[in-house]
Peer 1: 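Encoded as structure tokens, here's the structure I'll be asking about.
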Amino acid sequence: MPDKDLNAGLKEGLEELAGDSEVDKNRVLDFCKAKDIEELINEKETLEKELSNLKEQYNALYNEAARVKADFYNYKRRMESNIEKQKNSIVAEIILNLLPIMDNFERALDCEVEKGSAFYEGTSMIYREFLNVLAKFGVTPIKAIGEPFDPLFHEAVAVQTVSDIDSDGKVVQEVQKGYTLKGEVIRPARVIVGKLNEETDKEVGNDE
């Protein structure tokens, strides 16, 4: 039986015990009201405790779910990064095995052959197509001649004395072309770096 029905039945029973006395009835009613209020207060406190416990459980579950979601996101990002690195590593290995062929094409184009000949034009066309294929994989030649020497992109194989102060510390000759794969160096350019002649440097100093 619900609590309300029990309270109603209790009131009726107390009223019967109290008889016809109006004073006794009022006392009984006051007593019943006091009991109802006390029960309501107790019930309210119980519900508040249950609500507090539910909030704590909710917060714990929410934080756990957020942590699992963050862990999964980080795991997914690491996996994607590792897959990309492995992919780039495989491509880099393949490209490195193809670069000597590119070097041979460049030597063929630099040899003493008439630039208007069928051999030169055919070799040049194949070389350009080769470069276009490499570019699709993110392979880019490293700029060298005229650029300031940068150990991140250039490998100095020799130093050449120069009289032009603008060439001091810059690449004056490219021995072997270098390449990057998506911005990462897979083969540095082998270069000769210019160094200003000391006597020329002194003359420039005297002029100043």
Side-chain angles (χ1 to χ4, degrees), residues 63-198 200-201 204-205:
N63 292 334
E64 180 67 15
R67 186 187 65 79
V68 171
K69 181 179 179 181
D71 289 344
F72 175 76
Y73 175 78
N74 292 332
Y75 170 78
K76 181 181 177 182
R77 186 172 57 182
R78 286 196 303 271
M79 288 297 296
E80 290 175 348
S81 178
N82 290 336
I83 292 173
E84 185 67 18
K85 287 180 180 178
Q86 292 177 0
K87 178 182 175 182
N88 290 340
S89 178
I90 294 172
V91 173
E93 186 176 353
I94 296 173
I95 297 300
L96 283 172
N97 286 292
L98 294 176
L99 290 183
I101 301 175
M102 295 292 294
D103 297 336
N104 290 332
F105 271 113
E106 290 171 2
R107 294 189 187 98
L109 293 173
D110 289 339
C111 68
E112 295 181 1
V113 179
E114 293 183 7
K115 292 188 176 181
S117 66
F119 172 78
Y120 182 89
E121 291 297 331
T123 304
S124 179
M125 182 183 68
I126 296 172
Y127 175 72
R128 289 195 301 270
E129 288 180 354
F130 211 153
L131 281 177
N132 290 334
V133 171
L134 294 180
K136 291 179 180 179
F137 288 92
V139 179
T140 307
I142 294 174
K143 294 182 179 179
I145 297 178
E147 296 292 322
F149 175 74
D150 187 344
L152 296 177
F153 297 95
H154 307 137
E155 178 186 347
V157 297
V159 175
Q160 179 178 313
T161 302
V162 294
S163 58
D164 183 6
I165 192 172
D166 291 334
S167 298
D168 186 35
K170 293 184 179 179
V171 176
V172 295
Q173 186 177 342
E174 186 179 54
V175 178
Q176 185 182 63
K177 192 179 291 295
Y179 294 89
T180 61
L181 172 61
K182 296 182 179 180
E184 297 291 331
V185 177
I186 57 175
R187 190 179 81 176
R190 304 185 70 195
V191 300
I192 296 175
V193 183
K195 182 179 180 182
L196 187 64
N197 188 311
E198 293 182 359
T200 304
D201 190 23
V204 173

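One-based numbering along the sequence shown.
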Peer 1: Please report the closest heavy-atom contact between Ala92 and Ile186, naming both atoms and the distance.
Peer 2: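 Where Ala92 meets Ile186 most closely, the heavy atoms are CB-CG2, 3.9 Å.
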Peer 1: List the residues meeting side-chain contact (heavy atoms from CB on, under 4.5 Å) with Glu106, not counting sequence neighbours, and say none if there are none.
Peer 2: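 If we apply the side-chain contact (heavy atoms from CB on, under 4.5 Å) test to Glu106, skipping adjacent residues, the hits are Asp103, Tyr127, Lys177, Tyr179.
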Peer 1: Only pairs under 3.5 Å count here: list side-chain donor-acceptor contacts from residues 76-87, not counting sequence neighbours, and write none if there are none.
Peer 2:
residue, atom, partner, partner atom, Å
Arg77, NH2, Asn74, OD1, 3.2
Asn82, ND2, Arg78, O, 3.2
Glu84, OE2, Lys182, NZ, 3.1

Peer 1: Going from CD on Glu93 to CD1 on Ile95, what distance comes out if it is rounded to the nearest 0.5 angstrom?
Peer 2: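 Here the rounded value is 11.0 Å.
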Peer 1: Give the table of side-chain donor-acceptor pairs shorter than 3.5 Å for residues 146-157, with sequence neighbours excluded, one pair per line with atom names and distance.
Peer 2:
residue, atom, partner, partner atom, Å
Asp150, OD1, Leu152, N, 3.0
His154, ND1, Asp150, N, 3.0
His154, NE2, Lys143, O, 3.0

Peer 1: What residues form a side-chain contact (heavy atoms from CB on, under 4.5 Å) with Thr123, not counting sequence neighbours?
Peer 2: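 So Thr123 forms a side-chain contact (heavy atoms from CB on, under 4.5 Å) with Phe105, Ala108, Leu109, Phe119.
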Peer 1: Could you pull out the closest heavy-atom pair between Val193 and Gly169, with the gap in Å?
Peer 2: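 In terms of heavy atoms, the two residues are closest at CG1-C, 3.9 Å.
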Peer 1: Which distance, rounded to the nearest 0.5 Å, do you find between the NZ of Lys170 and the CD1 of Ile165?
Peer 2: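 CD1 of Ile165 is found 10.5 Å from NZ of Lys170.
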Peer 1: Please enumerate all residues that pass salt bridge (charged side-chain N to carboxylate O under 4.0 Å, His left out) together with Asp71, with sequence neighbours excluded.
Peer 2: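 Expected list: Arg67.
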Peer 1: Using the side-chain contact (heavy atoms from CB on, under 4.5 Å) criterion, which residues pair with Ile90? Sequence neighbours excluded.
Peer 2: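 For Ile90 the side-chain contact (heavy atoms from CB on, under 4.5 Å) partners, ignoring immediate neighbours, are Ile94.
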Peer 1: Would you call Arg187 and Leu99 a side-chain contact if the rule is heavy atoms closer than 4.5 Å?
Peer 2: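 Yes, close enough: below the 4.5 Å cut-off.
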Peer 1: What's the shortest heavy-atom distance between Val191 and Ala144, and which atoms?
Peer 2: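 Smallest heavy-atom distance, with atoms named: CG1-CB, 4.0 Å.
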Peer 1: What pairs of donor and acceptor atoms, side-chain ones from residues 131-140 against any protein atom, are under 3.5 angstrom apart with sequence neighbours left out?
Peer 2:
residue, atom, partner, partner atom, Å
Asn132, ND2, Arg128, O, 3.3

Peer 1: Taking all non-hydrogen atoms of both residues into account, name the closest pair between Asn97 and Pro100 and its distance.
Peer 2: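 Closest approach of Asn97 to Pro100, heavy atoms only: O-CD, 3.6 Å.
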Peer 1: Look up atom CG in Asn197 and atom OG in Ser167, then write down how far apart they are to the nearest 0.5 Å.
Peer 2: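 These two atoms lie 12.5 Å from each other.
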Peer 1: Considering non-hydrogen atoms only, spot the tightest contact between Asp168 and Lys195 and give its length.
Peer 2: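 Reported closest heavy-atom pair: OD1-CA, 3.4 Å.
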